[in-house]
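The shown structure was predicted, so the numbers you read here are calculated from the model rather than taken from an experiment.
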There are 2 protein chains.
Amino acid sequence: MSVEEYAPDHLPGTKRKRGKGVGAVYDTIKHEILDLTLAPGSPIDEVRLSERFGISRTPIREAMVKLAGEGLVVTLPNRFTIVAPIDFPNLSQFFDALSLMYRVTTRLAAANRTAADLVRIRALQDHYAEAVEARDVPEMIEVNRNFHAEIARAGNNRYYTELFERLLDEGRRLLRLYYSSYNDKLPRIYLQEHEDMVAAIERGDIDTADRIAHAHAQQIVKQIQASITADHRVNANIPL
Amino acid sequence: MSVEEYAPDHLPGTKRKRGKGVGAVYDTIKHEILDLTLAPGSPIDEVRLSERFGISRTPIREAMVKLAGEGLVVTLPNRFTIVAPIDFPNLSQFFDALSLMYRVTTRLAAANRTAADLVRIRALQDHYAEAVEARDVPEMIEVNRNFHAEIARAGNNRYYTELFERLLDEGRRLLRLYYSSYNDKLPRIYLQEHEDMVAAIERGDIDTADRIAHAHAQQIVKQIQASITADHRVNANIPL
DNA sequence: TGTATTTTTGTTGTCGACATAAAATATGTG
DNA sequence: CACATATTTTATGTCGACAACAAAAATACA
């Protein structure tokens, strides 16, 4: 999952397909925001992006509007667009919503999962185990997100899935910001919790699924909070 | 709250302010979609809109991207944009999410409401009572939505508020579609439930607020479902 | 030297025109 | 007359240029 640098991802001679440009810009910028390649609060220049991607400002602009709709960038009218800052004062709102969505989606997954869902969930669980084994922290964060998103999809409620994915993405950004304080023990706790979660979903045990999801959410919230408290650079700017 | 027809809402001589155009188009089209002035599934022509609003296609396009982000319109690549159809097969997802958000937001409101919140909520409750008295159904539907949205705001969690407002808007569209089957009794039941809800929020009684919200949600879901079942034009096209 | 005012600069918001994709229509062939 | 193929139509996607706005820089003035 490498990031293409200065992505002129079309060969010199080939012409980019119609309607492909916005999607490419949107995906790339979204990844870079969640990656922290683009620091929270840093300005985004439309002209620079149009040069980088080799397309005009119009499609760049559309991608920005989409990103703004998801809260990933903030547009200052007539001035610039910045990468959405992390809203520390209101983190409790985030934690509250995140916990509820963990529970709701996991419950629904236990109720509605199909055999195909279970295969996909297990595959991601295995992938996560590998990342833990390899001590690849960025990979762990990403796969963890995909694991829970897949469970949400199995729950089969697009409103929950959509909100949850947004929350998971925001969480990914927070974890990235603080992954320095990751220790070896935590990932293994998560691994076990994931295992129990999958088992509960598999046998359709809604109450247990809910309980585990709840505990898991609290675990993660606690970890993020601890990381933030431990870090005294909270309000420092992220270096470019 | 009248809809301006063919809104060239700037006087002939005056120049529209920069950045005002997109907002105007967005607001107008959003209202017309929720109003059913624009029928679900009907195509939206960018050129026609640009003529109607007297601005070029670029800002129209941005408004469309925003609306698409909220699921109010659907873009068929290289073809057209249509008003989002009502997703009948998945209505249960909608009802489930709506019920949960009713409960969560009302609970939080009971926990977090300020005096100023209570004033705003009471004002909307009075407004609703007036609409019931006047038997003004469209007004009832709109004020009802704003009443619950205000409660959600008092709960002070932007993730819930945002999702809930989206769900309430979609619900408004459904109610509009079927308000023919409104009878005199239901609005009065809602009125009483609202009264109890406000009282519980006022005295910070979280459990009671939750219970009432739950009952209220079930009441509304039941009503919508009954309306749909009673209506055999479900799959008929809405006349333009 | 410090403050108010003008000019410059950089970046966004909007425009009109053109290129292109997909559907609708017309054309040709067995 | 059915069916495949070419052509036209229609609306979108993209472009390059210009205008307007807000901040920064330069200038005027007390």
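- Every residue two or more places apart in sequence or in another chain that forms a side-chain contact (heavy atoms from CB on, under 4.5 Å) with A:A154 is listed here: A:A109, A:R113, A:D117, A:I121.
- Protein atom CD of B:E51 is 18 Å distant from nucleotide atom P of C:dT14, rounded to whole Å.
- Partners of B:E51 under the salt bridge (Lys or Arg N to Asp or Glu O under 4.0 Å) rule, at least two apart in sequence or in another chain, do not exist in this structure.
- For the salt bridge (Lys or Arg N to Asp or Glu O under 4.0 Å) test, no residue two or more places apart in sequence or in another chain qualifies with B:E130.
- Rounded to an integer number of Å, the gap from CG of A:L49 to C1' of D:dT14 is 16 Å.
- With sequence neighbours excluded, the residues satisfying salt bridge (Lys or Arg N to Asp or Glu O under 4.0 Å) with A:R173 are A:E170.
- Sorted by residue number, the list of members of residues 64-73 of chain B with any non-hydrogen atom under 4.0 Å from DNA chain D is empty.
- As rounded to whole Å, 15 Å separates atom C1' of D:dC21 from atom NZ of B:K20.
- Applying the salt bridge (Lys or Arg N to Asp or Glu O under 4.0 Å) test to A:E46 and every residue at least two apart in sequence or in another chain returns A:R57, A:R61.
- The ring pair (Phe, Tyr, Trp, His ring centres under 6.0 Å) analysis of residues 140-167 of chain A, with sequence neighbours excluded, yields the pairs A:Y102-A:H148, A:Y102-A:F164, A:F147-A:H194, A:H148-A:H194, A:H148-A:H216.
- The interatomic distance linking A:I82 (CD1) with C:dT12 (P) rounds to 13 Å, in whole Å.
- Phosphate contact (OP1/OP2 of D:dC15, side-chain N/O of A:S56, threshold under 4.0 Å): present.
- Going from atom CG of B:N112 over to atom CZ of B:R107 covers 11.5 Å, rounded to the nearest 0.5 Å.
- Residue pairs meeting the side chain to side chain donor-acceptor pair (under 3.5 Å) criterion with at least one member in residues 75-89 of chain A, sequence neighbours excluded, are A:N78-B:R18, A:D87-A:N90.
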Polar atom pairs between nucleotides 8-12 of chain D and protein, under 3.5 Å, N or O only, would you list them?
residue, atom, partner, partner atom, Å
D:dT12, O2, A:R18, NH1, 3.4
D:dT12, O2, A:R18, NH2, 2.1

